[in-house]
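Structure record follows, encoded as structure tokens.
We number each residue from 1, following the sequence as shown.
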Amino acid sequence: MPGWLQAGGWGLVAGSALLIGAVLGVLVPVPQRLIASIMAFGAGVLLSAVSFELISEAHESAGLAPTATGAAAGALAYTGANVLLARRGARHRKRSGRQQPSEREQPGSGSAIAVGALLDGVPESVVIGAGLVTGGTVSAVTVAAVFLSNLPEGLSSAAGMLGAGRPRRWILALWGGIALVSGAAALAGYALLGGAPPVVLATITALAAGAILAMTADTMIPEAFEGAHLLVGLITVAGFLTAFALSHSGV
């Protein structure tokens, strides 16, 4: 199978968890405490994947300077875009409670939330494609980590959107579209980075890792802490160790 097709397919698989989570969020009355617990697990998975897959790989390939520069640039770019979107109503796009504004309360917030959801998902998908370039085969750990973190993201966001009065059809169309974009982003990551020097690949990988780490802190951990309270640390560590075990299993 051509590499670009593999990249797009695996990106779509990882992104499909967003739609699965959204379907659960709009059709099943999931308790907020359970949503927060699942979000804490997903945050732990992403933290581990960033540490032991993305940052570690970038450092081994190109050294400290490109890795640190890329990660800092990714965090700055994500945070800057997130600040702009927050001012337009997308600050609580991952929250499952009543924090999200309705369109009546803040016109244009639906569009901002949609753009914010894209902002959250694209870096994760790009590293899937980039990983296929560097390793020749897709990293099952990275795909699993993105899938496991996307599921609670879709679940929590959809529940919050429903609580803000947004139609079920709009919610499912949004997350279905983002799942497709995830596949396209992974394909683009493979197509655009094919033949790039190792230092460029490492910098891009670190850039995506910095954006993912900032996203985890800005949007996932607050939701996890809100509902899981004193258990959030334990559940996050469980997710972290799950991804750590996968990364050292030779998968």
Review point. Who pairs with Arg166 by salt bridge (charged side-chain N to carboxylate O under 4.0 Å, His left out), at least two apart in sequence or on another chain?
Key: Glu103
Review point. Minimum heavy-atom separation for Gln100 to Glu105, with atom names?
Key: O-OE1, 4.2 Å
Review point. With no hydrogens and no angle check, is any side-chain donor or acceptor of Ser156 less than 3.5 Å from a backbone partner on Glu153?
Key: no
Review point. Do the side chains of Leu201 and Pro198 get nearer than 4.5 Å, heavy atoms only?
Key: no
Practice item. Write out all pairs satisfying side-chain hydrogen bond (donor to acceptor under 3.5 Å, both in side chains) with one or both partners inside residues 43-54, taking only residues at least two apart or from two chains. Key: Glu53-Ser139
**Study point:** Leu119 with Val146, same ILVMFWY side-chain cluster at under 4.5 Å
**Key:** no
Review point. Does any non-hydrogen side-chain atom of Trp10 lie less than 4.5 Å from one of Ser125?
Key: no
Check your understanding: Do Leu85 and Leu76 belong to the same hydrophobic cluster, where Ile, Leu, Val, Met, Phe, Trp and Tyr are linked whenever their side-chain heavy atoms lie under 4.5 Å apart, directly or via other members?
Key -> no
Point to revise | Verify same cluster id: Met39, Leu46 (apolar side-chain graph, 4.5 Å) | key: yes
Review point. Does Leu118 belong to the same Ile/Leu/Val/Met/Phe/Trp/Tyr cluster as Val126, with side-chain heavy atoms less than 4.5 Å apart forming each link?
Key: yes
Check your understanding: Hey, any chance Ile204 and Leu192 share a hydrophobic cluster, counting ILVMFWY side chains that come within less than 4.5 Å of each other, even indirectly?
Key -> no
Revision key, fill the gap. When rounded to the nearest 0.5 Å, the distance separating CG of Leu47 from CD1 of Ile221 is 5.5 Å
Check your understanding: Between the side chains of Arg87 and Asn82, is a donor N or O closer than 3.5 angstrom to an acceptor N or O?
Key -> no
**Study point:** ring-ring contact (aromatic ring centres under 6.0 Å, His included) partners of residues 34-87, not counting sequence neighbours, each pair once
**Key:** Phe52-Phe240, Phe52-Phe244
Point to revise | Candidates Ile212, Val143, Thr142, Leu54 - the one meeting side chain to side chain contact (heavy atoms under 4.5 Å, CB included) with Glu124 | key: Ile212
Study note, to complete from the structure: Scanning both residues in full, the closest heavy-atom pair of Thr205 with Val127 reads O-CG1, 4.3 Å
